[in-house]
Number of protein chains: 2
Amino acid sequence: MNEQKRPATRAEEIRQAIEGEIFQGSLRPGSRLDEESLAARFGLSRTPVREAILQLVHSGLVVKKPRQGAVVAPLDLHRMVQLFEVMSEIEGLCARYAARRMSPDEKGRLAELHAGGVSLREAHDLDGYYALNRAFHDAIYDGSHNDVLREMARSLFARLAPYRRYQLNHPRRIEGSYAEHGEVLAAIQAADPDQAQAAMRKHLTIQADIFAEFVSIMS
Amino acid sequence: MNEQKRPATRAEEIRQAIEGEIFQGSLRPGSRLDEESLAARFGLSRTPVREAILQLVHSGLVVKKPRQGAVVAPLDLHRMVQLFEVMSEIEGLCARYAARRMSPDEKGRLAELHAGGVSLREAHDLDGYYALNRAFHDAIYDGSHNDVLREMARSLFARLAPYRRYQLNHPRRIEGSYAEHGEVLAAIQAADPDQAQAAMRKHLTIQADIFAEFVSIMS
DNA sequence: AACACAATTTTTGTATCCAAATTGCGGTTC
DNA sequence: GAACCGCAATTTGGATACAAAAATTGTGTT
């Protein structure tokens with residue numbers, strides 16, 4: 001990755017660390033987050049740990065009952081459906097605005113990004129494609145030229161991150177995802193808002209379907 | 001008002017208090033939020049005050065630079081435009097889903113709520129209409145039957161609250177707003193998603209225009 | 001008189017300490 | 001033997017104490 005911003009505060013530092021562990025999967029949904037043990041692990045006191053946990057609660061990755069501690073947000077099928085539903089709308093809006101507002105230069109960089117993924121697709125490099133996928137979507141959030149919308153999309157993306165890895169194991173999912181990205185890209189390059197929005201919504205809907213499939217298998 | 005939930009934690013308590021002061025206008029955009037003086041005012045220590053401020057930072061009502069304290073989010077025209085833009089899309093989506101998903105009972109209550117506002121409109125009761133407006137929009141957020149979307153809409157509504165009061169002073173704005181609500185309600189009762197979404201977006205766009213008008217006057 | 005540097009002061013970030021609440025275990029009683 | 005009440009232990013919420021960083025002010029020099 002590249003998140004080398006070196007946070008100015010310890011709380012932010014360990015927030016990123018915990019978030020990373022949730023994304024990576026070492027902290028599974030439902031895991032309890034004990035303030036004291038986390039403080040010990042990071043060599044800090046409970047205060048910055050508490051702040052970090054609060055941040056994660058607000059981002060939706062962690063839930064916390066008043067006097068009962070914090071746990072990584074458990075997998076709730078109903079909530080997941082709602083998240084995917086909103087995500088498809090928000091990303092669709094990003095794509096719509098991006099089609100209208102991205103500069104030729106931005107569109108060029110997006111196209112390069114996408115083209116650079118061919119090798120990842122053919123090598124079936126899951127981790128590599130995961131990073132590309134994130135970068136591609138992020139570029140479109142930026143392309144909306146609306147910071148509020150972009151932050152919303154990023155927040156939703158992060159909330160879904162712990163579950164998103166499931167669906168990338170689906171057979172031939174990389175090829176499908178790559179092709180769908182291509183459709184979105186083409187619509188953006190053609191400056192066709194309706195088509196871009198529709199293509200992006202379809203892309204997200206497929207992801208939701210695959211996720212639902214996985215959930216139904218696991219239960 | 002009516003928010004009588006009696007929060008279980010002091011931090012949540014003063015978060016609501018500070019938020020209320022921002023909404024009401026006694027804490028103006030740009031005002032510095034000093035932890036110590038706030039703690040003294042509420043008779044608490046800095047710890048819950050810090051938590052409350054973190055909550056507000058996350059909701060977007062307050063901005064905070066790393067070692068430089070927190071201030072009520074200043075009025076930034078560019079950011080405001082973006083907020084209204086996203087708000088119109090999100091509320092439009094709420095109306096769309098509401099048209100599809102609200103039960104006859106829910107639609108009935110929404111209609112009653114709206115009908116009960118006639119007296120407020122004719123009396124030009126600003127505070128009363130402000131409360132009705134909030135309740136009307138909130139009912140539609142609920143009507144989307146999507147908790148994620150509803151929370152997003154509520155968060156955006158809160159972020160715009162400090163500025164919303166400006167536009168209600170606009171001449172004949174109550175009548176216009178009430179009529180637009182009527183159009184949204186009719187579309188929802190007719191279970192017409194496209195029309196509901198369009199009517200709601202128009203309602204929000206008008207608000208944005210009036211706000212922009214005020215901003216241009218003030219600058 | 002103006003600019004620059006340094007010290008002081010103010011304020012935030014972190015650590016430690018205390019209180020309050022929930023949970024689990026054990027004993028007692030029906 | 002089972003259920004209920006109560007106590008203790010663990011854990012979170014809040015308070016206080018300490019450290020570090022930034023802003024301001026004052027002084028000295030140019």
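So that the names make sense, note that chain A is the first sequence line, chain B the second, and so on, each numbered from 1. Note that this is a predicted model, so its numbers are computed, not measured.
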message: Is it true that A:D147 and B:H78 share a donor-acceptor pair across their side chains at a distance under 3.5 Å?
response: no

query: Would you call the rings of A:F211 and A:F84 parallel, tilted or perpendicular if under 30° counts as parallel and over 60° as perpendicular?
result: tilted

- request: Anything under 4.0 Å to a heavy atom of chain B counts; send over the first and last such nucleotide of DNA chain C, read 5' to 3'.
  value: C:dT11 to C:dT14

field: Partner set under side-chain contact (heavy atoms from CB on, under 4.5 Å) for B:R28, not counting sequence neighbours
entry: B:S31

message: Could you check whether B:Y141 and B:E151, counting side-chain N and O atoms only, form a donor-acceptor pair closer than 3.5 Å?
response: no

statement: In whole angstroms, the gap separating P of D:dG14 from CD of B:E35 amounts to 15 Å

message: Does A:R46 contact D:dG13 through a side-chain donor or acceptor facing the base, at a distance under 3.5 Å?
response: yes

message: Between A:Q68 and B:G69, which residue's closest nucleotide on DNA chain C lies nearer the 5′ terminus?
response: B:G69

message: With a cut-off of less than 4.0 Å, is there a side-chain N or O of A:R67 near OP1 or OP2 of D:dT11?
response: no

query: What integer distance in Å separates A:L33:CG from D:dT10:P?
result: 20 Å

query: What is the distance from NZ of B:K65 to P of D:dA23, rounded to the nearest Å?
result: 9 Å

query: So what does A:E51 touch, heavy atoms closer than 4.0 Å: a base, only the sugar-phosphate, or nothing?
result: nothing

- prompt: Do A:Q55 and B:H58 have side-chain N/O donor and acceptor atoms under 3.5 Å apart?
  reply: no

task: Specify the separation, in whole Å, of atom CD of B:E12 and atom P of D:dG13.
output: 12 Å

message: I need the CG-P distance between B:D34 and D:dA22, as an integer number of Å.
response: 18 Å

query: For B:Y97 and A:E89, does a side-chain donor sit closer than 3.5 Å to a side-chain acceptor?
result: yes

Among D:dT11, D:dG14, D:dG13, the one nearest B:T47 by side-chain distance: D:dG14

Length of the CZ-P vector between A:R32 and D:dT10, whole Å: 13 Å

message: Regarding B:E180 and B:K202, does a basic nitrogen lie under 4.0 Å from an acidic carboxylate oxygen?
response: no

- prompt: What nucleic acid atoms does A:A70 come within less than 4.0 Å of, heavy atoms only: base, sugar-phosphate, or nothing?
  reply: nothing

